[in-house]
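This report concerns only the one structure given below.
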Amino acid sequence: MALELYLDLFSQPCRSVYIFAKKNNISFDFKKLSLLDGQQYGEDFGKISLIRKVPALRDGDFCLAESVAIMLYLAEKFKTPDFWYPADLRQRARVNEYLSWQHTAIRMHGSKIFWLRVRSPSLICVGAVRLVMSYRHHVLAVLEYPFLSAWRDRVQEAVGKELFDEAHQYILGAQESVKSMDSSKMQVYKPKILRLFM
Amino acid sequence: STLDQSFSLFSGIFIKYTLRQQYSKEFGDISIVRKVPVMKDGGFILTESTAILEYLTQKYSGSVADHWFPADLQQRARVNEYFSWQHMNLRAHCSKVFLLRVRVPIVMDAEIPKETMDFALENVKQSLNLLEEKFLQSKPFILGDKISVADVVAVVEIIQPIGTGFDGFEGRPKLIAWRDRVKKELGEKLFEEAHEALMKSSNMPQKLKNSSSFAQLKPILQKLFR
């Protein structure tokens with residue numbers, strides 16, 4: 001059985017795993033999961049991951065959740081080039097330090113702004129919120145953080161523009177796709193939005 | 001025990017921190033993030049407890065037994081999986097209950113709304129359920145037969161709000177048994193020593209209010225709770 005990756009490319013951690021696997025030519029079965037349709041709550045997915053989040057991995061009878069754990073597993077199993085997750089003690093520690101910190105720092109705030117801007121148009125004061133796209137590992141605020149913007153360009157170049165754009169096409173088109181979304185499907189997110197923002 | 005050995009190799013400087021010290025210039029020079037723990041190994045400074053734990057086990061791999069942070073691909077993945085999940089789950093939820101009870105009434109000059117506390121407690125319940133059903137299942141420890149850093153990282157979070165009157169172990173015999181196994185592996189003395197300061201947290205609100213730097217710190221802390 002081929003390696004399976006359960007992904008919804010709307011999600012930042014899914015994009016990281018996708019980019020990492022593709023860039024390193026790791027072949028996998030792309031199991032598309034739609035969070036908007038609530039597929040993470042299905043019985044089948046519960047057998048893959050009780051945490052019911054994406055991304056998730058299934059390698060034979062080994063199932064794994066958490067994008068960081070998945071990427072490190074892939075890096076080790078497929079012996080990806082050292083620079084992705086250096087064996088050197090201190091360099092590895094720096095990567096681990098960042099991976100740990102980012103859970104509660106950038107990701108949380110980036111996600112909140114994404115929700116405000118795209119999924120809850122009625123809550124937005126459009127002029128006041130600058131569009132911040134939360135990419136994995138960094139926040140892109142093009143006009144206001146030239147240093148981060150330059151870094152984003154370097155990452156994009158290292159990964160390859162084609163792969164980078166491919167991974168982000170869904171999220172960048174998110175505002176457009178919201179217009180054609182069935183609002184009844186959004187109701188499942190109402191409690192979450194109320195808790196996060198009200 | 002192997003844990004004792006690894007601690008004796010590591011000549012750490014234990015700095016006792018009270019509330020104000022992470023905002024001092026001296027600490028800022030060590031860590032711009034201004035959080036604890038911070039490790040300083042010669043000229044190398046490292047933050048984030050999970051990163052520090054991995055660094056120590058890797059550096060002292062000669063004397064730290066493999067089961068703490070296994071080299072095996074799948075076992076290691078399980079540690080990483082737990083480390084990753086716990087940030088926004090068990091850790092976040094237990095810390096929230098702790099902070100709500102200890103700091104909020106003093107810092108925000110208000111009682112905690114019942115709804116806020118109920119929501120926080122429900123989140124803790126969900127995290128504890130997942131700890132039992134997904135991470136522990138019927139195994140003695142998270143990784144299986146032997147204790148690992150995952151168990152240590154987990155147990156300290158559940159203990160965090162105990163001094164404030166919330167015992168996450170209550171009504172969960174499986175978790176109680178696991179906690180006792182963890183305590184036994186680590187050694188009762190070490191376990192107690194590590195938790196000594198925390199167990200006195202019931203008088204923390206008063207101590208905080210009486211501290212000379214409270215007026216200075218209050219606005220900073222208020223931002224955290226908004």
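Convention: sequence-line order gives letters A, B, ...; per-chain numbering from 1. Here the structure is a predicted model, which is why all the values come from computation and not from measurement.
Contact annotation for A:A87: only backbone heavy atoms (N, CA, C, O) come within less than 4.5 Å of a heavy atom of chain B. Residue contact with chain B, scored on non-hydrogen atoms closer than 4.5 Å, involves the backbone and the side chain of A:L50 alike. When heavy atoms are compared at a cutoff of 4.5 Å, B:L46 approaches chain A by way of both its backbone and its side chain.
Within 6.0 Å of atom CG in A:D88, more than 12 heavy atoms from other residues, nucleotides or ligands are found, so the atom counts as buried in its surroundings. More than 12 heavy atoms of other residues, nucleotides or ligands shown are found within 6.0 angstrom of NZ on B:K174.
Of all the listed residues (B:E81, B:K134, B:R91), the one sharing the greatest number of non-hydrogen pairs under 4.5 Å with chain A is B:E81. Heavy-atom pairs under 4.5 Å with chain B peak, among A:A65, A:S100, A:A69, at A:S100.
Here B:Y55 and B:F44 bring their ring centres to under 6.0 angstrom of each other.
In this structure, the side-chain hydrogen bond (donor to acceptor under 3.5 Å, both in side chains) partners of B:W178, at least two apart in sequence or on a different chain, are B:D151. Under the side-chain hydrogen bond (donor to acceptor under 3.5 Å, both in side chains) criterion, A:R92 pairs with no residue, sequence neighbours left out. By the side-chain hydrogen bond (donor to acceptor under 3.5 Å, both in side chains) test, B:D72 pairs with no residue at all, sequence neighbours left out.
Using a 4.0 Å cut-off between charged side-chain N and carboxylate O, B:D41 and B:K59 make a salt bridge. Between B:R76 and A:E76, no side-chain nitrogen of the basic residue sits less than 4.0 Å from a carboxylate oxygen of the acidic one, so the salt-bridge criterion is not met.
The stretch residues 20-31 of chain A places none of its residues near chain B, where near means some heavy atom under 4.5 Å from a heavy atom of that chain.
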